[in-house]
Protein chains: 2
Amino acid sequence: MATGSAAKKQAPEPLVVLEQFLPYRINVLAGLTSSALAQIYADRYGLSIPAWRVIVTLGQYENRTARDMAPDGVMHKSTVSRAVAALEKRGLVVRRPNLDDRREEWLALTPEGRAIYEAVAPEALAVEERLLSVLTPQEQATLAALIDRLTRQARLLAPQDGVEAQT
Amino acid sequence: MATGSAAKKQAPEPLVVLEQFLPYRINVLAGLTSSALAQIYADRYGLSIPAWRVIVTLGQYENRTARDMAPDGVMHKSTVSRAVAALEKRGLVVRRPNLDDRREEWLALTPEGRAIYEAVAPEALAVEERLLSVLTPQEQATLAALIDRLTRQARLLAPQDGVEAQT
DNA sequence: CGCCAATCGTTGCCTGTGCAACCAATACCA
DNA sequence: TGGTATTGGTTGCACAGGCAACGATTGGCG
């Protein structure tokens with residue numbers, strides 16, 4: 001089996017080459033982009049990733065419930081809960097009870113929250129743009145489509161989101 | 001200013017649409033693939049992501065130092081340190097002092113470690129394959145190339161050092 | 001109508017990990 | 001040669017976030 005102890009200290013038979021393993025490469029890319037963005041929304045505005053997502057979602061939809069912040073279970077509900085609590089304490093988000101269903105609450109940006117949103121969003125978009133600047137528009141579209149298909153497939157392979165469905 | 005308060009409770013002017021924001025989508029995909037893989041190496045073999053990476057790297061290169069486990073600062077050195085310590089305690093990895101430079105130590109898989117490697121690796125590859133099964137070989141190559149270019153670019157935009165792994 | 005199940009959101013607990021300070025060993029250089 | 005800078009690796013500290021149990025409310029079905 002294999003080449004014994006020749007060449008360059010390669011193990012008997014390398015089954016996985018990490019640098020070519022797709023999940024690894026996606027994770028590395030995700031980490032790098034997160035890190036690039038964190039320079040902006042964390043360092044400069046004191047926003048965590050969950051907080052940033054809440055802000056952006058509310059900037060997009062005006063008012064939403066906490067559950068809507070994590071459309072596909074992308075964030076855990078406890079994560080959302082704490083992010084919203086922090087934003088509320090900072091006066092960036094307000095809650096109004098939903099009188100039709102008092103289990104949930106409406107969330108919305110305060111003027112201060114919207115101000116931050118309008119400051120951070122363009123900067124985030126600028127980072128995205130610099131990132132994508134190495135791809136042609138054509139390639140960007142291709143990438144988006146591929147990511148979509150992979151994401152759909154990954155959702156099938158990942159553990160069901162209804163994990164907490166059983167009491 | 002835009003359409004006022006028409007339609008569907010859209011905010012004044014949505015600057016960022018989260019679902020189309022590339023860093024977000026990459027992060028979501030990364031999270032899903034990690035989650036799919038975690039079913040295997042975490043649930044079934046009790047390996048964290050850092051531990052998995054150490055095992056794979058050692059399966060690939062026989063012996064390496066701890067620093068080699070994180071080629072581009074992909075993992076923080078403290079993360080590697082603790083992962084190695086845990087693997088050593090479980091008897092999956094051994095350390096030999098490097099007499100030429102006693103600051104570092106050589107790492108290698110024990111027979112038990114290699115056994116786990118040989119059990120986990122094929123399963124991980126199977127997940128990758130199921131993931132990629134929605135793409136043609138052509139598309140897979142395209143994706144790999146695009147990810148590479150994005151990763152290179154992201155490395156320029158990210159702060160020179162710390163990047164972390166998704167859980 | 002009444003009871004059980006499901007849903008929204010919060011919180012205590014615990015693990016993982018980034019950060020920075022630190023130790024030991026080596027490299028660099030005047 | 002001696003002193004300082006660098007590097008490999010570890011560890012205390014703090015904090016984020018997943019999990020699960022919980023309270024409150026609502027829905028569904030007999």
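Reminder, nothing fancy here: chain letters follow the sequence lines and each chain counts from 1.
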Original post:
Is there a donor-acceptor pair under 3.5 Å between the side chain of B:Thr33 and the backbone N or O of B:Leu29?
Top reply: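 Looks like yes, one N/O pair under 3.5 Å.
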Quiz item: Which is true for B:Thr65 with a 4.0 Å heavy-atom rule: it touches a base, it touches only sugar-phosphate, or it touches nothing?
Solution: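 Sugar-phosphate: the residue B:Thr65, judged by heavy atoms under 4.0 Å, touches backbone atoms but no base.
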(request) Would you mind classifying the nucleic acid contact of A:Thr79 as base, sugar-phosphate or nothing, using non-hydrogen atoms under 4.0 angstrom? (result)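 Since only primed, P, OP1 and OP2 atoms lie under 4.0 Å of A:Thr79, the category is sugar-phosphate.
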Considering only side-chain heavy atoms of [X], which listed nucleotide, [options], is closest?
X: A:Ser78; options: D:dG18, C:dC8, C:dT26; result: D:dG18
X: B:Arg102; options: D:dA20, C:dA25, C:dA20; result: C:dA25
X: B:Glu104; options: C:dG18, C:dG9, D:dG9; result: D:dG9

inquiry  = Please determine whether a side-chain nitrogen or oxygen atom of B:Arg64 lies at a distance below 4.0 Å from atom OP1 or OP2 of D:dG8.
reply    =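 For D:dG8, neither OP1 nor OP2 has a side-chain N or O of B:Arg64 closer than 4.0 Å.
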Can you see if the side chain of A:Arg103 gets near the phosphate of D:dC22 - specifically, an N or O under 4.0 Å from OP1 or OP2?
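Checking D:dC22 against A:Arg103, no side-chain N or O comes under 4.0 Å of OP1 or OP2.
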Whole angstrom value for the distance that separates [atom2] of [N] from [atom1] of [X]:
X: A:His76; N: C:dC14; atom1: NE2; atom2: P; answer: 17 Å
X: B:Asp101; N: D:dT6; atom1: CG; atom2: P; answer: 17 Å
X: A:Met75; N: C:dG9; atom1: CE; atom2: P; answer: 12 Å
X: B:Met69; N: D:dT7; atom1: CE; atom2: P; answer: 19 Å
X: B:Lys77; N: C:dG18; atom1: NZ; atom2: P; answer: 13 Å
X: B:Asn27; N: D:dA16; atom1: CG; atom2: P; answer: 18 Å
X: B:Arg53; N: C:dG16; atom1: CZ; atom2: C1'; answer: 14 Å
X: A:Glu105; N: C:dC8; atom1: CD; atom2: C1'; answer: 9 Å

- salt_bridge(A:Glu105, A:Arg96) N-O dist < 4.0 Å: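 Result for this pair is no, no salt bridge flagged.
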### Query
Would you call B:Leu135 and A:Arg149 a side-chain contact if the rule is heavy atoms closer than 4.5 Å?
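When only atoms from C-beta onward are counted, A:Arg149 and B:Leu135 do touch, with a gap below 4.5 Å.
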>> Is the terminal nitrogen or CZ of B:Arg64 (NZ for Lys, CZ for Arg) located under 6.0 angstrom from the six-membered ring centre of B:Tyr61 and within 45° of that ring's axis?
In response: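 Geometry flag: set, cation within 6.0 Å and 45°.
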Practice prompt. Please work out whether the ring planes of A:Tyr41 and A:Trp52 are parallel, tilted or perpendicular, with thresholds of 30° and 60°.
Written response: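 Judged by the thresholds at 30° and 60°, the geometry between A:Tyr41 and A:Trp52 is parallel.
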DNA chain D: A:Asn98 or A:Ser48, which has the more 5' nearest nucleotide?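 Counting from the 5' end, the first nearest nucleotide belongs to A:Ser48.
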For a quick check, tell me whether the side chain of A:Arg95 and the base of C:dG9 share a donor-acceptor pair closer than 3.5 Å.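 Per atom types, no contact qualifies.
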Note to self: Under 3.5 Å, is there any donor-acceptor pair linking the side chain of B:Arg82 to the base of C:dG18?
What the structure shows: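 Donor-acceptor pair under 3.5 Å: yes.
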